[in-house]
Amino acid sequence: MNATMEQRLRDELHQFRQDGIYKKLNYIDSPQAPRVTMEGRGQIIILSSNNYLALSNEPSVVRAGKDALERFGAGTASVRFICGTFTVHRELERELAELVGTESSLTYVSCWNANEGLFATLTGPDDIIISDRLNHASIIDAMRLAKSISKCETAVYEHSDLDDLKAKLEASRNKRTRYVVSDGIFSMEGDVAKLAGILELAREHDAVVVVDDSHATGVLGTTGRGTAEHVGVLGEVDIITSTLGKALGGAAGGFTASSAALTDYLTQRARPQLFSNALPCAVAGSALGAVRYLRSHPERVTALHENARYFREQLLARGFKPLEGETPIIPVILGETAKAIQMSNLLLDEGVFVTGFGFPVVPKGEARVRCQVSAGHTKDDLDQALEAFVKVGTRLKLI
Ligand SMILES: *Cc1c(COP(=O)(O)O)cnc(C)c1O
């Protein structure tokens, strides 16, 4: 190992610890669930996972993964276009398209890859991508990649500011294709994109709308079909990307859903499709199990919505000020990063795991603990977590 480089890494890691931004890994020794065994302690209430529908450990989902593992073996040993496409991919992609209301879909090993594969493949030098300021890191990096590969232009509009989006659209009238891209649910704020307004503006300007629904698939809408269902525009979004690793927590992976022509084009051209192995069959199998579970259990989505409403309401009743919203992402703003980390540590002492986020993940002075509620939380789980919040909040003089 190069000693100069090694020393530089050590110095920087030391600085992370000094600044209180060093992330300690917490090892879980049980399935991901509303309560887990973490760092050797049992019954820790998890209020920070993306396991919104508690499907990670749902028996039929786990069985679907095991069945696929036994039927198709462990690895795909190939990229899709050579010999890495299995029948389970076809079934999963058909059912994902049906779920989110598009003609077709195409899976990747992550939504990160789906986003990188999308813009870099579709755009050319006469195109522009117009992005919400608070979009996910994978969209930001996907835009950087597209810009360097295809020489397209990029622009950023202020968060959920439709006037600013309109201005950016008007300023780019001369472009061949204008893409407008937004998260469905914004992960740090927990708010929902103004999708109806975005679609209306995009239609006026003949622009293409891309929604990354990673936090919303399985979460929003009465049957969990995502932001489009929630807003009443199912089937109207041009391109949806999403993850299989959040509410569809049976698995990992991601997908792009759109017209058959678009997903076929990506199959032919997207570099992560051409040069990276296909989604493992066991993972595709458990994801398919999760999609089927969701379709036959809309009550799971209702339970999630009710738990989110209850937790938000009860935090308010106890004197906390969570950001307003209607999603299961419930951030409580605390200000300084050190305070968020301290709150998170003290909550863990009380048996509740909630992550604190500070700069640079969120703006300076807006550090927060971000609660994420699951359909699997019982009222007891939530009440116990609320008690811990009151105890720690009182100690830190937050309430
Ligand atoms: C979590 C998330 C991703 C990443 O999904 P992976 O499948 O884990 O790569 C992408 N986009 C958004 C908006 C997300 O919230």
Side-chain angles (χ1 to χ4, degrees), residues 32 48-53 55-56 89 92-93 96 99-100 105-120 129 131-146 156 159-160 179-195 198 209-220 224 226-228 230 237 239-258 266 270-273 276-280 283-284 286-288 290-291 325 327-331 355 357 361-362 368 370-374:
Q32 185 65 269
S48 264
S49 86
N50 299 313
N51 191 20
Y52 294 116
L53 295 174
L55 293 183
S56 295
H89 293 123
L92 173 61
E93 286 165 356
L96 284 170
L99 174 71
V100 302
S105 86
L106 177 65
T107 55
Y108 290 80
V109 292
S110 68
C111 184
W112 189 287
N113 266 5
N115 285 336
E116 288 204 339
L118 183 72
F119 293 117
I129 309 166
S131 169
D132 188 290
R133 183 171 296 287
L134 292 191
N135 275 345
H136 189 258
S138 60
I139 297 176
I140 296 170
D141 281 18
M143 287 165 63
R144 291 175 176 149
L145 183 68
V156 172
H159 177 52
S160 281
Y179 296 90
V180 177
V181 57
S182 177
D183 281 17
I185 293 180
F186 291 88
S187 51
M188 285 300 142
E189 315 294 308
D191 57 331
V192 181
K194 293 178 179 162
L195 184 53
I198 291 172
V209 173
V210 182
V211 173
D212 179 339
D213 236 7
S214 289
H215 276 285
T217 304
V219 170
L220 285 185
T227 307
H230 178 76
V237 179
I239 302 171
I240 295 170
T241 62
S242 190
T243 185
L244 301 172
K246 286 186 172 125
L248 301 178
F255 65 93
T256 302
S258 186
L266 292 173
R271 290 166 70 83
Q273 288 290 328
S276 185
N277 269 357
L279 190 66
V283 175
S286 52
L288 183 56
V291 173
T327 72
I329 297 178
I330 306 171
T355 326
F357 288 97
V361 179
V362 296
R368 62 198 65 188
R370 182 182 68 169
C371 309
Q372 288 168 283
V373 169
S374 164

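Counting convention: from 1, in listed order, for ligands and their atoms alike.
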Ignoring hydrogens and geometry beyond distance, is a side-chain donor-acceptor pair present between Asn115 and Thr241 at under 3.5 Å? yes

Show which side-chain atoms of residues 184-195 pair as donor or acceptor with protein atoms under 3.5 Å away, not counting sequence neighbours.
{"residue": "Glu189", "atom": "OE2", "partner": "Arg368", "partner atom": "NH1", "Å": "3.0"}
{"residue": "Asp191", "atom": "OD2", "partner": "His159", "partner atom": "NE2", "Å": "2.6"}
{"residue": "Lys194", "atom": "NZ", "partner": "Ser160", "partner atom": "O", "Å": "3.1"}

Side-chain donor-acceptor pair present, Asp213, Thr227, cut-off under 3.5 Å: yes

Got a sec, which residues hit salt bridge (charged side-chain N to carboxylate O under 4.0 Å, His left out) with Arg271, two or more places apart in sequence or on another chain? none

Within the 4.0 Å heavy-atom sphere of ligand 1, strictly under, residues: Ser110, Cys111, Trp112, His136, Ser138, Asp183, Asp212, Ser214, His215, Thr243, Lys246, Gly253

Side chain to side chain contact (heavy atoms under 4.5 Å, CB included) filter on Ala114, not counting sequence neighbours, yields Tyr108, Thr256

Check Val100, Leu99, Leu92 against Phe255 for a side chain to side chain contact (heavy atoms under 4.5 Å, CB included) and give me the one that passes. Val100

